Amino acid sequence: MGGDRPRVGVLALQGDVREHLHVLGALGADAVPVRRPEELPAIDGLVLPGGESSVIDKLARAFGMQRPLRSAIATGLPVYGTCAGLILLADEIVDGIAGQQTFGGLDVVVRRNAFGSQAESFETHLEVPTLGDPPVHAVFIRAPLVERVGPDAETLATLPDGRVVAVAQGNLLGTSFHPEVTGEKRFHERFLDIVRARLN
Ligand code: GLN
């Protein structure tokens, strides 16, 4: 641990783990893949990658990660979820597979695969007021949408039609899209600010 070079895990059960490790490393974090509960106490923050949320959920339960992660989130571990990771951070999901569970923490309702087959994947430039200019080059891949933002959570970005695609709450951050695949580093930077603030 240490304020200058925080140790940030990427949950490495399935999904685009490598891309996140790369961005976090480039931003000065000691970025490490995390698979087992014993590894949680040694990290200062955790990224939940994109991938398939139902698979990550099942593997997390099989590896005994669900409970320890839930309590780490409840006690303030900073966590950033992208796409499937956002689904896993939602307190409630719509259109999960039968029995699908989440870690929770974000006071939001998230709809899985919300864009349907017509627009399964697309890219756009998103205005994100807290990040300023330039707009974020956002890649959506079978992406979820935030259908309801509860009173404890805050909207960070919407599509031009008002649908919510980025949220924050305390030490938690979630985006429907994948900044890690386009070289967009500002969400990870913001996340590392949260991680460092908690260490100091
Ligand atoms: N559709 C995936 C899910 O349900 C998310 C896709 C992604 O992470 N790119 O988890």
Side-chain angles (χ1 to χ4, degrees), residues 8-24 31 33-35 45-63 65-66 69-70 73 78-126 128 136-149 153 156-159 163-169 172-188 190-191:
V8 178
V10 179
L11 186 65
L13 300 174
Q14 189 264 338
D16 68 337
V17 175
R18 227 173 355 154
E19 290 81 352
H20 282 288
L21 289 172
H22 180 79
V23 178
L24 292 164
V34 164
R35 291 184 188 84
L46 181 68
V47 168
L48 305 178
E52 175 47 55
S53 56
S54 59
V55 173
I56 297 174
D57 163 43
K58 276 188 193 154
L59 290 173
R61 283 190 266 158
F63 279 58
M65 277 298 255
Q66 188 197 58
L69 242 174
R70 281 183 176 170
I73 292 169
V79 182
Y80 174 27
T82 61
C83 204
L86 165 65
I87 298 171
L88 288 159
L89 271 183
D91 280 346
E92 197 181 324
I93 56 173
V94 179
D95 280 353
I97 67 162
Q100 184 169 348
Q101 298 178 16
T102 69
F103 305 127
L106 279 177
D107 181 18
V108 296
V109 178
V110 167
R111 179 177 293 274
R112 191 167 153 264
N113 298 338
F115 294 93
S117 55
Q118 303 257 303
E120 278 205 337
S121 301
F122 63 98
E123 300 181 25
T124 188
H125 285 89
L126 262 190
V128 183
V136 169
H137 178 194
V139 177
F140 293 78
I141 305 165
R142 303 195 71 217
L145 268 175
V146 180
E147 281 205 341
R148 197 181 80 84
V149 179
L156 294 185
T158 60
L159 292 170
R163 290 182 293 175
V164 177
V165 292
V167 288
Q169 178 178 336
L172 306 177
L173 196 58
T175 56
S176 297
F177 48 90
H178 293 269
E180 73 282 4
V181 303
T182 54
E184 169 59 65
K185 294 196 172 71
R186 288 172 291 169
F187 279 100
H188 291 78
R190 194 187 157 97
F191 178 61

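One-based numbering, in listed order, for ligands and for the atoms of each. Predicted, not measured: the structure shown is a model, and the values here were computed from it.
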>> Please verify the inter-ring angle class for Phe187 with Tyr80; under 30° counts as parallel, over 60° as perpendicular, anything in between as tilted.
In response: parallel
>> Is the shortest side-chain heavy-atom distance between Met65 and Arg35 below 4.5 Å?
In response: no
>> If I take atom CG from residue Leu46 and atom CG from residue Leu11, how far apart are they, to the nearest 0.5 angstrom?
In response: 5.5 Å
When you pair each N or O of ligand 1 with protein N or O atoms, which pairs come out under 3.5 Å?
unit_1, atom_1, unit_2, atom_2, d
ligand 1, 1 (N), Asn113, OD1, 2.5
ligand 1, 1 (N), Arg142, O, 3.0
ligand 1, 4 (O), Ser53, OG, 3.3
ligand 1, 4 (O), Arg112, NE, 2.7
ligand 1, 8 (O), Gly51, N, 2.9
ligand 1, 8 (O), Gly51, O, 3.1
ligand 1, 8 (O), Ala84, N, 3.0
ligand 1, 9 (N), Ile141, O, 2.9
ligand 1, 9 (N), His178, NE2, 2.9
ligand 1, 10 (O), Ser53, N, 2.5
ligand 1, 10 (O), Ser53, OG, 2.8

> If you take all heavy atoms of Pro49 and Asp16, which pair is closest and at what distance?
Replying inline: CB-OD1, 3.3 Å
>> Whether Glu180 and Arg18 form a salt bridge (side-chain N of Lys/Arg under 4.0 Å from carboxylate O of Asp/Glu) is what I want to check.
In response: no
>> Enumerate the salt bridge (charged side-chain N to carboxylate O under 4.0 Å, His left out) contacts for residues 94-104, please, sequence neighbours excluded, ordered by first and then second residue.
In response: Asp95-Arg111
